[in-house]
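Everything below concerns the one structure shown next.
Just so you know, residue 1 is the first one in the sequence shown, and it goes up from there. Not measured: the values here are computed from a predicted model.
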Amino acid sequence: MYQKFETTPFSSFRQQYFNNLREQSCLLPALEELCGGWTQETLKSILQKLTKKNQAPLPLFFDSSQAMDSISNKKQALATVFQQFDSRGIGRIDATELFSVMLLLSTGEISQIFYNIAVIFGSDKTHHITSDEFFFFIDCLFRGISKVLICKGENKPSNLNKRLNDQDINKFIQQIFKGQQKVNKDELYASVKQSQQLFEFIEYISTSMQASMEYTRQQSLLMMKITMEVKKLMAQMLSQIDGTAKK
């Protein structure tokens with residue numbers, strides 16, 4: 001029996017996550033490994049590869065971690081991320097959930113992130129993103145973050161299979177689009193700022209994700225430095241022992 005999504009109001013998401021993410025590292029470790037060092041340009045390059053330079057649509061799902069090889073050659077991290085996103089046990093994952101999370105964790109200014117949201121989730125044939133397309137992005141994002149974010153006092157994501165209810169998404173859509181069907185991709189950032197609660201939430205989640213990625217990167221560099229110093233010390237000790245033995 002497949003697990004179903006639990007539809008949740010925005011107030012519950014906000015209470016769970018806003019100003020409550022674990023300090024230093026708030027992301028699924030395998031996702032940090034998979035996307036280590038990514039910028040917005042890195043992500044766009046990967047998506048270009050997936051679409052064969054816009055000659056094909058982005059995949060809507062992946063049915064195995066092997067199908068995600070174009071994203072990275074880190075096979076173990078891919079396998080773990082696939083397993084985490086397949087939290088309902090259906091043997092495939094929603095690729096748009098993954099892409100929405102990757103958009104927020106890849107290093108970049110928040111204005112650039114919103115522009116890339118419009119580019120990736122908006123129609124390729126226009127310079128706009130429609131209210132329906134942005135509705136879809138918000139739905140994907142909230143489903144995605146429930147699978148990867150770690151809160152204070154926890155060691156792993158604990159709110160799997162939650163999604164934002166339609167009523168709250170529609171409220172945000174009305175605040176952003178103000179009865180219009182679409183906005184210019186260049187104007188999405190300014191438009192979303194008109195929905196203060198949603199903008200603050202997304203900005204906080206993105207900033208926390210990027211800080212988590214940077215912390216993990218710095219920890220990896222530190223471990224590499226320590227490993228090199230230990231190896232250097234061991235080589236010196238062995239050299240001294242060898243010299244003593246020859247005497």
Side-chain angles (χ1 to χ4, degrees), residues 1-18 20-36 38 43 46-47 50 58-68 71-72 74-106 113 117 120-121 135-166 168-169 198 201-213 215-216:
M1 184 71 179
Y2 299 143
Q3 296 184 41
K4 294 182 178 180
F5 282 107
E6 177 187 344
T7 302
T8 306
F10 178 72
S11 59
S12 295
F13 270 100
R14 183 179 172 86
Q15 182 179 11
Q16 181 69 38
Y17 296 116
F18 193 70
N20 193 42
L21 292 180
R22 191 172 69 173
E23 295 180 3
Q24 297 180 332
S25 180
C26 65
L27 278 169
L28 181 74
L31 190 62
E32 292 179 330
E33 179 184 353
L34 181 66
C35 305
W38 283 19
L43 178 59
I46 290 168
L47 298 181
L50 286 168
L58 275 172
L60 295 178
F61 67 89
F62 296 112
D63 57 11
S64 69
S65 61
Q66 291 77 20
M68 301 162 65
I71 294 176
S72 173
K74 299 175 181 177
K75 297 187 182 300
Q76 185 56 56
L78 284 172
T80 303
V81 168
F82 180 87
Q83 183 179 21
Q84 182 72 8
F85 274 79
D86 185 25
S87 55
R88 295 191 295 147
I90 60 177
R92 67 176 184 272
I93 68 171
D94 188 327
T96 53
E97 288 180 9
L98 181 60
F99 298 148
S100 65
V101 168
M102 287 175 167
L103 271 163
L104 265 61
L105 65 80
S106 299
I113 290 171
I117 289 169
I120 292 167
F121 283 82
F135 185 109
F136 180 60
F137 164 74
I138 293 298
D139 182 37
C140 294
L141 176 64
F142 279 77
R143 282 186 278 124
I145 62 174
S146 74
K147 295 177 170 67
V148 301
L149 290 178
I150 304 174
C151 295
K152 293 177 181 177
E154 299 179 347
N155 294 317
K156 61 181 181 180
S158 61
N159 296 285
L160 306 183
N161 303 323
K162 289 191 175 182
R163 74 188 309 167
L164 186 59
N165 65 31
D166 288 357
D168 281 335
I169 301 180
L198 179 64
F201 184 82
I202 292 177
E203 184 178 40
Y204 168 70
I205 297 298
S206 179
T207 300
S208 299
M209 284 181 169
Q210 292 185 34
S212 181
M213 297 292 294
Y215 172 78
T216 301

* Asked: Could you give the distance from CG (Asp94) to CZ (Arg88), rounded to the nearest 0.5 Å?
  -> 8.5 Å
* Is the cationic atom of Arg14 (NZ for Lys, CZ for Arg) positioned less than 6.0 Å from the six-membered ring centroid of Phe10 and within 45 degrees of its normal? -> no
* Run the numbers on Ile138 and Leu198 for side chain to side chain contact (heavy atoms under 4.5 Å, CB included), then give the verdict. => CA-CA 10 Å; Ile138 293 298; Leu198 179 64; 4.0 Å; yes
* Asked: For Asn20 and Tyr204, which heavy atoms make the closest approach, and how far apart are they?
  -> N-OH, 3.2 Å
* Between CZ of Phe136 and OG of Ser100, what distance do you get to the nearest 0.5 Å? -> 9.0 Å
* Asked: Roughly how far, to the nearest 0.5 Å, is OG of Ser206 from CD1 of Ile145?
  -> 11.5 Å
* Chi angles and distances behind the side chain to side chain contact (heavy atoms under 4.5 Å, CB included) call for Leu149, Met209 -> CA-CA 8 Å; Leu149 290 178; Met209 284 181 169; 3.8 Å; yes
* Asked: Minimum heavy-atom separation for Gly144 to Val101, with atom names?
  -> C-CG2, 3.6 Å
* Side chains of Ile71 and Leu50: does their closest heavy-atom pair fall under 4.5 Å? -> yes
* To do: Identify the heavy atoms of Ala95 and Pro59 that sit nearest to each other, and give their distance.
  => CB-O, 3.2 Å
* Provide the closest heavy-atom pair for Leu58 versus Ile120 in the form atom of the first, atom of the second, distance. => CD1-CG2, 3.7 Å
* Asked: More than 12 foreign heavy atoms under 6.0 Å from CZ of Phe5: is that the case here?
  -> yes
* Return yes if some donor-acceptor pair links the side-chain N/O of Ser208 with the main-chain N/O of Ile205 below 3.5 Å, else return no. => no
* Asked: Which residue pairs satisfy the ring pair (Phe, Tyr, Trp, His ring centres under 6.0 Å) criterion with at least one member in residues 141-165, sequence neighbours excluded?
  -> Phe13-Phe142, Phe142-Phe201
* To do: May I ask you to test the Ile150-Asn155 pair for a side-chain heavy-atom distance under 4.5 Å?
  => no
* **Side chain Ser212, main chain Cys26, donor-acceptor under 3.5 Å** => yes
* **Listed partners of Asp86 passing salt bridge (Lys or Arg N to Asp or Glu O under 4.0 Å), at least two apart** => none
* To do: Run the numbers on Leu31 and Leu98 for side chain to side chain contact (heavy atoms under 4.5 Å, CB included), then give the verdict.
  => CA-CA 10 Å; Leu31 190 62; Leu98 181 60; 4.3 Å; yes
* Structure fact -> Closest non-hydrogen contact found for Ile113 with Ser106 is CD1-O, 4.4 Å
* Check whether any side-chain heavy atom of Phe85 lies under 4.5 Å from a side-chain heavy atom of Val148, and answer yes or no. => yes
* Does Arg22 use its side chain to pair, donor to acceptor, with the backbone of Glu154 at less than 3.5 Å? -> yes
* Find the distance between OG (Ser64) and CZ (Arg92) and round it off to the nearest 0.5 Å. => 13.0 Å
* Should Ile202 and Leu141 count as side-chain neighbours, where that means a heavy-atom distance under 4.5 Å? -> yes
* Indicate yes or no: does Lys147 engage Glu97 in a salt bridge with an N to O separation below 4.0 Å. => yes
* To do: Measure across Glu32 and Ser25 and return the closest heavy-atom pair with its distance rounded to 0.1 Å.
  => OE2-OG, 3.1 Å
* Give, for atom NZ of Lys162 and atom CD of Glu6, the distance between the pair rounded to the nearest 0.5 Å. => 5.0 Å
* To do: Please test Thr8 against Asp168 for side chain to side chain contact (heavy atoms under 4.5 Å, CB included), starting from the C-alpha separation and ending with a verdict.
  => CA-CA 9 Å; Thr8 306; Asp168 281 335; over 6 Å; no
* How long is the gap from CD on Gln16 to OG on Ser158, to the nearest 0.5 Å? -> 5.5 Å
